[in-house]
S.K.: 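My questions all concern the structure below.
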Amino acid sequence: MLSINAAVSDLKRLDLLANSDSPVHSLDARAKVLVTIIFIIAVVSFDRYELARLFPFFIFPVVIIAHAKLPPLYFVKKIAFISPFVLMMGLFNPVFDRAVMYHIGPLGISGGWVSLISMLIRSLLTVGAAFILVGTTGFTAVCQALERCGTPQIFTLQLLFLHRYIFVLADETGRTSRARELRSCGRKGRGIASFGSLAGHLLLRTWQRAEHIHTAMLARGFIGRFHAHRRSRFGATGFCFVLGWSLLFIILRIYDLPGILGALFTGILP
Amino acid sequence: MSHHIVEVKNLQHVYPDGTIAIKDVSFRITHGESVAIIGANGAGKSSLLQHLNGCLEATSGEVMIGDTRLSKGTLPDIRRTVGMVFQNPDDQLFMPTVFEDVAFGPLNLGLSGLEVELRVKKALERVGAGHLCTKPPYLLSGGEKKRVAIATVLAMSPDILVMDEPTSGLDPYARRQLMSLLRDFQHTKIFTSHDLDMVLDLCPRTIILYEGVVMADGPTRDIFLNDALLAACRLEKPFTMQGCPICNKSADTKKL
């Protein structure tokens, strides 16, 4: 129950960060969404054994966090939270892919280990970029930007409703879970059986709430179409932001910068 | 013709599971009246309110708003005329920010951007929530949510204001604030509430529902002085009309 409340306040904090004032925050949401999408595409398009060429991409989260005055530790913690899931997904890579790719002294590193580490780095970069996007833009603005970039309204609306009611439902889950805990007297209660009924109740309440919301929408003249009230402008700054970062990502994707730098240094060295 | 008149004739509502929520209800509320619909839990208050703007369809009987009979064809016009504030503001505030939520109704009415902004600003200022414009609803307190929920309805310029339990869940200060806000509205007002002190304060007329039937319809003060009627309908007098439990002094009903 505590963890539910903690997760909700954590989510609220991420949203509140978007209300800060910085040059990155003041950019049009569409510019940030576009740059993040290009960044993610560039990062995930590398070969699964690629390692060195991913590292220059860390420049993007580092620069944005610094410019937007975001708390770096908060983002590191958030990204670290998803690492176990990524590790789970790549757990069997070292088992099935045993061909040795690199040697560090007498130690041979198999392709499985390389692909696992590559997967981890890519997840850190892409999930980090998504968190930074929400932290500098706000979930609502991200959804609206997606819609203005051509995403069907039905998807963006689902996301907006999910975001709006995740707090209400988390509150309800917290209260129900607290009631269960208090009557379990510190034991397991009725175990998994009580959780099944608890989840069922929550589902029914969600259903009921959805009906109430729909009624409230109908009462205010809703006839199946959402009318957006738009205010922001893309502007020259947004254009420069998209152009600058996109060019950098394309260069980093096409040219092997770490390889070139490495060759340069090893060429200088006697 | 006035849109401010609400007339309910022989209304009956049976839920799909067979529960009879409203057996036979008739009343007429005229322009500018402030009327409370009270009753014990399960008396049919909320079901009745939901018929006033077509959220529920009557099994039999009819609802007239002004000269217009409530039907599928007249729903859009009636929903603009009858503004409904729900008991739980979390059901009413579904948009990402307060501004967008208040703008939702006027945008559905097809108003232009500037007109919408003007209406939103005016409605929020009227309920003293102008400063909450950019906030997401989940960051508002209970009292703030309630005021914003009222603003969402006011922005549509309704002629009739229907409110389900307006003061439930509010602290005494927020309750008092909301009551003084409601007192200033010139609309035809219909409330359901268990807060009988608020009813006594705001509504000169009261309708008592009991098991889906109108048991009394008349001046609030007279109804609250009728102990037998209140007991039969599982109700009690408002606290201000009860004696002091400490000094055992009975309330001075003449002052009320």
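A, B, ... follow the sequence lines: proteins, then strands. Residue 1 opens every chain.
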S.K.: Counting heavy atoms not belonging to A:Ile82, are there more than 12 under 6.0 Å from its CD1?
M.R.: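 Yes.
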S.K.: NE2 of A:His201: more than 12 outside heavy atoms within 6.0 angstrom?
M.R.: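 No, the 6.0 Å shell around NE2 holds no more than 12 heavy atoms from other groups.
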S.K.: Does atom OH of B:Tyr15 have more than 12 heavy-atom neighbours from other groups under 6.0 Å away?
M.R.: yes
S.K.: B:Leu139 versus chain A, heavy atoms under 4.5 Å apart: side chain, backbone, both or neither?
M.R.: side chain
S.K.: Rounded to the nearest 0.5 Å, what's the gap from CG on A:Leu218 to CE on B:Met84? Could you check?
M.R.: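 Taking CG in A:Leu218 and CE in B:Met84, the distance rounds to 11.0 Å.
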S.K.: May I ask you to check whether over 12 heavy atoms, not counting those of B:Glu115, lie within 6.0 Å of atom CD?
M.R.: yes
S.K.: Looking at A:Gly138, A:Cys143, A:Gly221, which makes the most heavy-atom pairs under 4.5 Å with chain B?
M.R.: A:Gly221
S.K.: What is the distance from atom CG of A:Leu16 to atom NZ of B:Lys135, rounded to the nearest 0.5 Å?
M.R.: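 That separation rounds to 8.5 Å.
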S.K.: How many angstroms lie between CZ in A:Arg209 and CZ in B:Phe94, if you round to the nearest 0.5 Å?
M.R.: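 It comes to 13.5 Å.
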S.K.: Step through the shown structure and confirm whether more than 12 heavy atoms of other residues, nucleotides or ligands are within 6.0 Å of NZ on A:Lys78.
M.R.: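 Yes - once you tally the heavy atoms of other residues, nucleotides and ligands closer than 6.0 Å, there are more than 12.
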S.K.: Counting only heavy atoms not in A:Ile154, do more than 12 sit closer than 6.0 Å to its CD1 atom?
M.R.: no
S.K.: If you draw a 6.0 Å radius around CG in B:Asp184, do more than 12 non-hydrogen atoms from other residues or ligands fall strictly inside?
M.R.: yes
S.K.: Verify, without hydrogens or angle tests, whether A:Tyr165 (side chain) and B:Asp90 (backbone) share a donor-acceptor contact under 3.5 angstrom.
M.R.: yes
S.K.: Under 4.5 Å, heavy atom to heavy atom, which residues of residues 31-44 of chain A contact chain B?
M.R.: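 Listed by number, there are no contacting residues, so the answer is none.
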S.K.: Applying side-chain contact (heavy atoms from CB on, under 4.5 Å) between B:Asp91 and each of A:Met217, A:His212, A:Gln208, A:Glu211, report the one that passes.
M.R.: A:His212
S.K.: Could you state the interatomic distance from CZ (A:Phe161) to CE (B:Met95), rounded to the nearest 0.5 Å?
M.R.: 7.0 Å
S.K.: Which pair of heavy atoms, one from B:Phe86 and one from A:Ala219, lies closest together, and at what distance?
M.R.: CE1-CB, 4.4 Å
S.K.: So does A:Phe81 have more than 12 non-hydrogen atoms from other groups sitting under 6.0 Å from CZ?
M.R.: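 No.
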S.K.: Ignoring hydrogens and angles, tell me if any N or O in the side chain of A:Arg220 forms a donor-acceptor pair with the backbone of B:Ala103 under 3.5 Å.
M.R.: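 Checking the backbone N and O of B:Ala103 against the side chain of A:Arg220, no donor-acceptor pair under 3.5 Å is found.
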S.K.: Give, as side chain, backbone, both or neither, the part of A:His214 having an atom under 4.5 angstrom from any heavy atom of chain B.
M.R.: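 No part of it gets close to chain B.
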